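Everything numeric in this text was worked out from a predicted model, so none of it was measured.
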Amino acid sequence: MAEQPVGTWWRALRRTVAGADVAPVRLPLDRWPRLAPFARPVGLLVVIGLFAVTLAQQTDRRLPGIVPILFAGLTVAPLLALPRRPLLAWRLAVVALATCTFNAPAGAGWPWTPVLALGSLLVLAVVATRADRPVLVWVGLLTLVPGLALVDPDHRVSVLVLVLTVLVLGDLVRGNRRSRRALAAQTALSERERERRAVLEERTRIARELHDVVAHHMSMIAVQAETAPYRLAEVPDAARAEFAAIAGSAREALTDMRRLLGVLRSESAGPETAPLPGLADVAAMVDAARRAGLAVTLDAPAPTGDTPAPVGLAAYRIVQEGLANAARHAAGAAVRVTVRPGPHALAVRVENSAGGGDPTAAERGAGHGLTGMRERALALGGTFAAGPADGGGYVVDAVLPYDGEDGNG
């Protein structure tokens with residue numbers, strides 16, 4: 001275990017000198033997309049200008065031959081590599097700091113040109129915001145080798161403080177950016193978990209209600225099968241046995257269903273004894289909403305009783321959620337509820353005119369809003385759609401098939 005830190009620092013040194021580079025620089029041009037095409041040409045012009053300035057300063061040093069051109073090129077080379085390869089840019093900057101020092105003006109505090117000194121600090125700052133801490137330590141130590149060896153003793157403390165300040169500030173920026181990314185990832189994970197929990201809770205609620213609907217019909221089958229021999233005259237013994245078997249099977253199925261779905265009820269919630277609402281109760285609900293001040297109209301034929309109970313319950317809940325969302329998030333808007341029974345499916349539509357608020361805010365509130373409506377439609381094999389209307393407002397559309405298949409087909 002004692003060799004593990006040594007191995008970590010050795011691997012960090014190898015990466016610093018000749019390993020993989022750090023993340024490239026991404027310019028924050030999202031807010032100004034029109035400026036993005038000009039970023040690279042402008043940057044190239046700036047580098048060319050710095051090359052010309054450095055070349056003039058190197059010429060003043062009276063260097064022989066093409067040495068001024070080489071030194072000027074080495075001075076601006078880190079800036080060219082910085083956007084895509086920050087660690088490579090730092091390596092070039094260290095080489096430039098160690099070599100571009102000949103014939104420095106007498107009395108200068110350090111032997112580098114201003115372009116090289118400031119450019120090296122910029123490269124160091126960028127690397128400090130991207131490299132992990134072991135690599136950053138080696139970057140700082142290797143930067144200080146030419147920094148402390150080539151300056152006069154009076155300026156060594158200043159160079160040391162300047163380099164350490166850049167490294168510490170860069171490391172703080174890197175830590176802050178990493179924390180913000182972790183927070184954003186955790187927020188996204190929490191949001192997905194909240195949506196998943198909302199779906200599970202709504203499915204549990206749907207399962208409880210469907211359990212009550214099916215339990216009612218199974219009880220009726222059992223009662224009719226048991227009483228048939230007494231209600232019908234001259235029932236053969238074989239028919240009596242068949243009726244008894246039907247009643248027994250119905251009661252066994254009812255018992256098994258209660259055992260399986262009884263766990264869906266919370267410990268604090270007792271059994272629901274009130275009858276579940278259906279399609280026939282939509283008109284009364286719309287009247288109650290109208291008395292509460294909601295400008296709502298209903299376009300639906302009188303219920304005939306042919307609609308299956310699960311479909312009627314789902315339609316009632318979808319209309320209920322649609323009216324509640326319109327009242328909460330589109331106050332003052334006119335709402336139209338349309339219920340159209342077809343040969344294979346029931347079409348439900350809740351539409352509100354343009355009004356204040358955002359109906360999708362129900363997804364973020366205490367209830368499950370659109371999630372609940374969607375799950376109810378999908379549980380029956382139907383379809384669900386919700387979104388802004390063409391002329392403003394919001395529309396909720398659901399198709400609830402009678403036989404578990406999409407009525408549109």
Is there a side-chain contact between [X] and [Y] (heavy atoms, below 4.5 Å)?
| X | Y | value |
| --- | --- | --- |
| Arg130 | Pro24 | no |
| Leu172 | Asn176 | no |
| Phe384 | Leu400 | no |
| Pro78 | Leu82 | no |
| Leu92 | Val123 | no |
| Val17 | Trp138 | no |
| Asn325 | Asn352 | no |
| Leu169 | Val173 | no |

Checklist entry - For Thr75 and Trp112, does a side-chain donor sit closer than 3.5 Å to a side-chain acceptor? => result no
Side chain [X], main chain [Y], donor-acceptor under 3.5 Å:
| X | Y | value |
| --- | --- | --- |
| Ser249 | Ile246 | no |
| Arg376 | Ala315 | no |
| Ser353 | Ala334 | yes |

Going from [atom1] on [X] to [atom2] on [Y], what distance comes out if it is rounded to the nearest 0.5 angstrom?
| X | Y | atom1 | atom2 | answer |
| --- | --- | --- | --- | --- |
| Thr297 | Arg290 | OG1 | CZ | 7.5 Å |
| Ser179 | Gln186 | OG | CD | 13.0 Å |
| Leu144 | Leu160 | CG | CG | 6.0 Å |
| Phe243 | Thr227 | CZ | OG1 | 9.0 Å |
| Leu162 | His155 | CG | NE2 | 12.0 Å |
| Leu116 | Leu121 | CG | CG | 9.5 Å |

Item to check | Salt bridge flag under 4.0 Å for residues Arg196 and Glu193 | outcome: yes
Next on the checklist: Run Asp132 and Arg15 through side-chain contact (heavy atoms from CB on, under 4.5 Å) and show every step you take.
Outcome noted: CA-CA 11 Å; Asp132 53 19; Arg15 183 186 178 188; 3.9 Å; yes
Checklist entry - Does the side-chain contact (heavy atoms from CB on, under 4.5 Å) test come out yes or no for Leu279 and Leu346, once each step is laid out? => result CA-CA 10 Å; Leu279 196 59; Leu346 180 71; 4.0 Å; yes
Checklist entry - How would you list, by chain and number, every residue that makes a side chain to side chain donor-acceptor pair (under 3.5 Å) with Arg336, sequence neighbours excluded? => result Asp299
Item to check | Residues which pass side chain to side chain donor-acceptor pair (under 3.5 Å) with Arg174, listed by chain and number, not counting sequence neighbours | outcome: Asp171
Item to check | Test log, rule salt bridge (Lys or Arg N to Asp or Glu O under 4.0 Å), inputs Glu195 and Arg192 | outcome: CA-CA 5 Å; Glu195 294 176 356; Arg192 290 195 298 269; over 6 Å; no
Item to check | Test side-chain contact (heavy atoms from CB on, under 4.5 Å) applied to Val22 and Val126, step by step | outcome: CA-CA 10 Å; Val22 295; Val126 172; over 6 Å; no
Minimum-distance pair of heavy atoms, taken over all atoms of [X] and [Y]:
| X | Y | result |
| --- | --- | --- |
| Pro277 | Leu313 | O-CD1, 3.4 Å |
| Val296 | Val286 | CG1-O, 3.8 Å |
| Leu323 | Ala289 | CD1-CB, 4.2 Å |
| Pro341 | Pro301 | CD-CG, 3.7 Å |
| Val395 | Ala389 | CG2-CB, 3.6 Å |
| Pro83 | Leu79 | CD-O, 3.5 Å |

Item to check | side chain to side chain contact (heavy atoms under 4.5 Å, CB included) against Leu45, all qualifying residues, sequence neighbours excluded | outcome: none
Checklist entry - Under the side chain to side chain contact (heavy atoms under 4.5 Å, CB included) test, which residues partner Ala128, sequence neighbours left out? => result Leu136, Leu167
Item to check | Evaluation steps, side-chain contact (heavy atoms from CB on, under 4.5 Å), between Leu70 and Leu74 | outcome: CA-CA 6 Å; Leu70 295 178; Leu74 190 56; over 6 Å; no
Checklist entry - In a check of side chain to side chain contact (heavy atoms under 4.5 Å, CB included) between Tyr316 and each of Val311, Val348, Val282, Val339, which one passes? => result Val282
Checklist outcome for this item: Sequence neighbours excluded, the answer for salt bridge (Lys or Arg N to Asp or Glu O under 4.0 Å) partners of Arg291 is none
Checklist outcome for this item: In short, salt bridge (charged side-chain N to carboxylate O under 4.0 Å, His left out) pairs touching residues 76-90 with sequence neighbours left out are Asp21-Arg85
Checklist entry - More than 12 foreign heavy atoms under 6.0 Å from CZ of Arg133: is that the case here? => result no
Next on the checklist: Within the supplied structure, the quantity of interest is the number of heavy atoms (other residues, nucleotides, ligands) at a distance under 6.0 Å from Glu242 CD; does it exceed 12?
Outcome noted: no
